[in-house]
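Okay, so here's the structure we're looking at.
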Amino acid sequence: MKIICVGRNYADHIKELDNNRPEQPVLFMKPDSAVILKNNPIIIPTFSSDIHYEVELLVKINKIGKHIDRNFAPDYYSEIGLGIDFTARDLQTELKTKGLPWERAKAFDGSAMIGQFVDKKTLGNLEALDFSMQKNGQTVQRGNTQDMLWKIDELIEYISKYFTLKIGDIIFTGTPSGVGPVSHGDHLVGFVNNQEFFSLKVK
């Protein structure tokens, strides 16, 4: 399994981090060691003092594909999920300033929270899905897939030009605005269409 993440896919998030709007999807990877094991908390790493949450809709690939046309992309996934791309923001800022890759800030152990997946047919229109996340009972992020710069099928077409998609691969489709830091003792809960998809504690 590989985790393919899409950066800068929501205009409001691009603006909040003062980034440039890309002409093509921004892609980066996380290894399988980034995945937080089921029922485990995220443990804040010692190398960062500014770990941020970024809630994202997830797509699980269900068959092998390469150079997939967007018209056929829906055949390559049947489940949608929700997760968190954790980012060492202080380290990422340092790496970006130096023009270096982001892996240490984005792909460290425990940087990927993957919640439950459900049959996409149960969610209705995938291009108008509401999703959100609460921190300690307060909603901190809220998004809708209609605001994606590149929709799910477009992402699959683009990604599969460069990487063969395999069964079980997961695509993190980007985060809306509202990202922010986590602290010891925080409780994060994610929702799609008001249905809970994950609950995670921070240690």
Side-chain angles (χ1 to χ4, degrees), residues 2-30 34 52-61 65-89 92-93 95-97 99 101-103 105-107 111-115 117-118 120 123-133 139-165 169-180 190-193 197:
K2 58 182 174 290
I3 300 170
I4 304 165
C5 302
V6 180
R8 304 181 188 178
N9 200 24
Y10 287 83
D12 53 0
H13 175 58
I14 293 171
K15 187 181 297 184
E16 77 174 340
L17 292 187
D18 197 26
N19 287 324
N20 295 321
R21 182 167 174 158
E23 295 183 1
Q24 297 176 321
V26 175
L27 304 180
F28 60 94
M29 312 277 275
K30 290 179 185 275
H52 280 209
Y53 57 78
E54 298 185 8
V55 70
E56 308 197 13
L57 210 69
L58 311 183
V59 177
K60 184 187 290 185
I61 299 301
K66 177 74 172 173
H67 295 296
I68 301 166
D69 186 282
R70 74 184 64 179
N71 294 320
F72 299 106
D75 297 335
Y76 288 81
Y77 63 99
S78 58
E79 293 180 290
I80 297 293
L82 194 70
I84 305 174
D85 165 20
F86 284 105
T87 304
R89 192 70 72 202
Q92 185 192 35
T93 299
L95 293 169
K96 285 167 62 178
T97 300
W102 299 352
E103 275 79 3
K106 283 283 194 179
S111 62
M113 193 281 155
I114 297 174
F117 282 88
V118 301
K120 67 181 182 181
L123 295 175
N125 183 4
L126 299 186
E127 294 192 1
L129 279 183
D130 284 314
F131 62 99
S132 63
M133 192 182 76
T139 299
V140 289
Q141 281 192 276
R142 186 180 299 277
N144 189 289
T145 53
Q146 65 185 353
D147 297 322
M148 285 180 167
L149 300 182
W150 292 278
K151 303 297 192 287
I152 292 172
D153 296 345
E154 293 176 274
L155 291 175
I156 288 175
E157 179 182 59
Y158 184 79
I159 291 167
S160 67
K161 290 179 183 178
Y162 302 96
F163 311 110
T164 297
L165 292 173
D169 286 350
I170 294 174
I171 300 172
F172 277 62
T173 62
T175 194
S177 62
V179 302
F191 303 87
V192 178
N193 289 345
F197 270 57

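Atom set for the values below is all heavy atoms of this structure, side chains included, hydrogens, waters and symmetry mates excluded.
Partners of Asn71 under the side-chain hydrogen bond (donor to acceptor under 3.5 Å, both in side chains) rule, at least two apart in sequence or in another chain, are Asp69. Scanning for ring pair (Phe, Tyr, Trp, His ring centres under 6.0 Å) contacts around Trp102 gives Phe28, with sequence neighbours left out. Looking at residues two or more places apart in sequence or on another chain, you find a side-chain hydrogen bond (donor to acceptor under 3.5 Å, both in side chains) between Lys2 and Asp169. Annotation: ring pair (Phe, Tyr, Trp, His ring centres under 6.0 Å) contacts of Phe191 (sequence neighbours excluded): none. By the salt bridge (charged side-chain N to carboxylate O under 4.0 Å, His left out) test, Glu154 pairs with Arg70, sequence neighbours left out.
With rounding to the nearest 0.5 angstrom, the CG atom of Leu165 is 5.0 Å from the CD1 atom of Ile68. Expressed to the nearest 0.5 Å, how far CD of Glu56 lies from OH of Tyr10 amounts to 8.5 Å. In this structure, Phe172 CZ and Met113 CE are separated by 9.0 Å, a value rounded to the nearest 0.5 Å.
When all heavy atoms of Tyr162 and Tyr158 are compared, the pair lying nearest together is CD1-O, 3.3 Å. What you find for Lys151 and Met148 is that their closest heavy atoms are NZ-O, 3.1 Å. When every heavy atom of Ser160 is checked against every heavy atom of Lys66, the shortest pair comes out as O-CD, 3.3 Å.
Under a 3.5 Å cut-off, the side chain of Thr145 and the backbone N or O of Leu126 do form a donor-acceptor pair. Listed for the Thr173 side chain is no donor-acceptor partner under 3.5 Å among the backbone atoms of Leu58. One N or O on the side chain of Gln141 and one on the backbone of Val55 form a donor-acceptor pair closer than 3.5 Å.
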Exercise. Run the side chain to side chain contact (heavy atoms under 4.5 Å, CB included) check on Met133 and Thr139 step by step: do they pass?
Worked result: CA-CA 6 Å; Met133 192 182 76; Thr139 299; over 6 Å; no
For this session: May I have the step-by-step check of side chain to side chain contact (heavy atoms under 4.5 Å, CB included) for Ile61 and Ile170, ending in yes or no?
Result: CA-CA 6 Å; Ile61 299 301; Ile170 294 174; over 6 Å; no
When the side chains of residues 74-86 are checked against the rest of the protein, which donor-acceptor pairs come out under 3.5 Å, sequence neighbours left out?
unit_1, atom_1, unit_2, atom_2, d
Tyr77, OH, Asp153, OD1, 2.8
Ser78, OG, Asn62, ND2, 3.4
Asp85, OD1, Lys30, NZ, 2.8
Asp85, OD2, Lys106, NZ, 2.7

